[in-house]
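Have a look at the structure below, then the notes.
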2 protein chains.
Amino acid sequence: MPASLDAQDREELMRTAENVFREFLRDRSLKYTAEREKIVRAVMNTDEHFEAEQLLLMMRQQDKRVAKATVYRTLKLLVDCGIVKEVHFSNKQVHYEHTYGGDPHDHMVCRRCGRIIEFDAREVAKLRTLIAAEHGFHALAHRFQIQGLCATCTKSCPIGLKVKLLTGKAKASTGRGKRKK
Amino acid sequence: MPASLDAQDREELMRTAENVFREFLRDRSLKYTAEREKIVRAVMNTDEHFEAEQLLLMMRQQDKRVAKATVYRTLKLLVDCGIVKEVHFSNKQVHYEHTYGGDPHDHMVCRRCGRIIEFDAREVAKLRTLIAAEHGFHALAHRFQIQGLCATCTKSCPIGLKVKLLTGKAKASTGRGKRKK
DNA sequence: GTCAATGCAAACATTTTGCAACTCT
DNA sequence: AGAGTTGCAAAATGTTTGCATTGAC
């Protein structure tokens, strides 16, 4: 995520994203409303992953109020449009991130501390195309996520030792597992 | 998925899976109950991806009744135990599949017809380890999914043509998009 | 006998929907 | 003018939880 953009680049990116969205809508005879504009702008101003609810809150704080339903409806359009991507970290809500103007990346999630690290997705994209081709498939996109232990957690938790991780997190975190044996 | 197992191999696999689960439970001072046994067995008898609800139904049809809550609780344990893996196709329910005794694979989803194809995950696993290492990460697992068009749909839908796909499926399927231009 | 597991229903959280009022184009 | 959009609240979904009862070890 291009968190290091200066204000000018950001404004530039914003504008082109808006245009892409507007054109996408026009192509489908949909309307570019004030609410949709507020939402694209809010999304483009977010460099982190976010949930629908968070976006809504953020927008409220900036007095860009829209209905929750509108946020959900618009996020779907933005996904279809390719400006936003869904990310599935937990089994609960969907997370979103805008992918417009940034380098494609995927995520690595630490099962111990939950930290999320992004990495360049180009190798993955290459592999996906290859695999797809082998199956007569035409790849358009992928979802990839590596789960494991981050550097810090690896240190404090020697490999080979069976620890309770936050997999399906079946109350694994209560840490009162009196294992015998 | 090893759908081609004969009855004997299947029974063999079933038994070892049960043992793995039993041991997993014992290690944590949890109990191997009749319900849990029913559930592992049902899971191991399923070679397709399934949702919690489907498993429940299937079990009911075979008069292996358990409460829905028990299914959810047990599936979590099975995930932690490594016998079952969560698969996230849609944004709705979680799908599960048992991964015990089968070759590791990932999925390819056709955005047009929804077809799901499995492919060998070994290359992906290699790549994940590599990428993880580059970031001081210790990879334990991954989730990978390729989205695109299957062979059939690619034929009926020339590449380059913008079609309505079932991405976020924002009512994209109503097919009454009178595009202009 | 003890601690954990079950079943049930109620609770939850997130997302979707129906509909009247509104607004882009 | 008219088709699409909004906001709201209600509904729908999928999953989790509380608790009394039951069961494994």
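No experiment lies behind these values; they were computed from the predicted model shown.
- Pairs passing the side chain to side chain donor-acceptor pair (under 3.5 Å) check and including a residue from residues 124-136 of chain A, sequence neighbours excluded, read A:E123-A:K126, A:R128-A:H142.
- Salt-bridge annotation for A:K85 and A:D106: present, with a side-chain N of the basic residue lying under 4.0 Å from a carboxylate O of the acidic one.
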Each nucleotide N or O in nucleotides 7-9 of chain D that has a protein N or O under 3.5 Å away: list the pair and distance.
{"unit_1": "D:dG7", "atom_1": "OP2", "unit_2": "A:A67", "atom_2": "N", "d": "2.8"}
{"unit_1": "D:dG7", "atom_1": "OP2", "unit_2": "A:T70", "atom_2": "OG1", "d": "2.6"}
{"unit_1": "D:dG7", "atom_1": "N7", "unit_2": "A:R73", "atom_2": "NH2", "d": "2.8"}

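- Each of B:L30 and B:A52 lies near DNA chain D, and the nucleotide nearest B:A52 is the one positioned closer to the 5' end.
- With a 4.5 Å cut-off between side-chain heavy atoms of Ile, Leu, Val, Met, Phe, Trp and Tyr, the cluster of A:I116 takes in A:V87, A:F89, A:V109.
- A:I146 belongs to a hydrophobic cluster whose remaining members, ordered by chain and number, are A:M108, A:I117, A:F119, A:V124, A:L127, A:I131, A:F137, A:F144, B:M108, B:I117, B:F119, B:V124, B:L127, B:I131, B:F137, B:F144, B:I146; membership requires side-chain heavy atoms of ILVMFWY residues under 4.5 Å apart, directly or through intermediates.
- By the salt bridge (Lys or Arg N to Asp or Glu O under 4.0 Å) test, A:R22 pairs with no residue at all, sequence neighbours left out.
- Nearest nucleotide to the B:K31 side chain, out of D:dT16, D:dC25, D:dT5: D:dC25.
- Rounded to an integer number of Å, the gap from NZ of B:K64 to C1' of C:dG7 is 19 Å.
- Following rounding to the nearest Å, A:L75 (CG) and C:dT16 (C1') show an atom-to-atom distance of 14 Å.
- Ion pair B:E35/B:K38 not flagged as a salt bridge, since none of the NZ, NE, NH1 or NH2 atoms sits closer than 4.0 Å to an Asp/Glu carboxylate oxygen.
- Here the P atom of nucleotide D:dA24 and the CZ atom of B:R22 are 13 Å apart, to the nearest Å.
- Across the protein-nucleic acid pair, B:K76 atom NZ and D:dG14 atom C1' stand 12 Å apart, rounded to whole Å.
- Taking the nucleotide of DNA chain C with the nearest heavy atom to each of B:T33 and B:K92, the more 5' of the two is matched to B:T33.
- Taking side-chain N and O atoms only, B:Y72 has a distance below 4.0 Å to OP1 or OP2 of D:dT15.
- The distance from atom CG of A:L25 to atom P of C:dT23 is 18 Å, rounded to the nearest whole Å.
- Distance CD1 (A:I39) to C1' (D:dT5): 11 Å, rounded to an integer number of Å.
- Taking atom CD of residue A:Q93 and atom C1' of nucleotide D:dT15, one finds them 13 Å apart after rounding to whole Å.
- For the pair A:L77 CG and C:dT16 P, the computed distance is 12 Å after rounding to whole Å.
- Residues passing the side chain to side chain donor-acceptor pair (under 3.5 Å) test with B:R60, sequence neighbours excluded: none.
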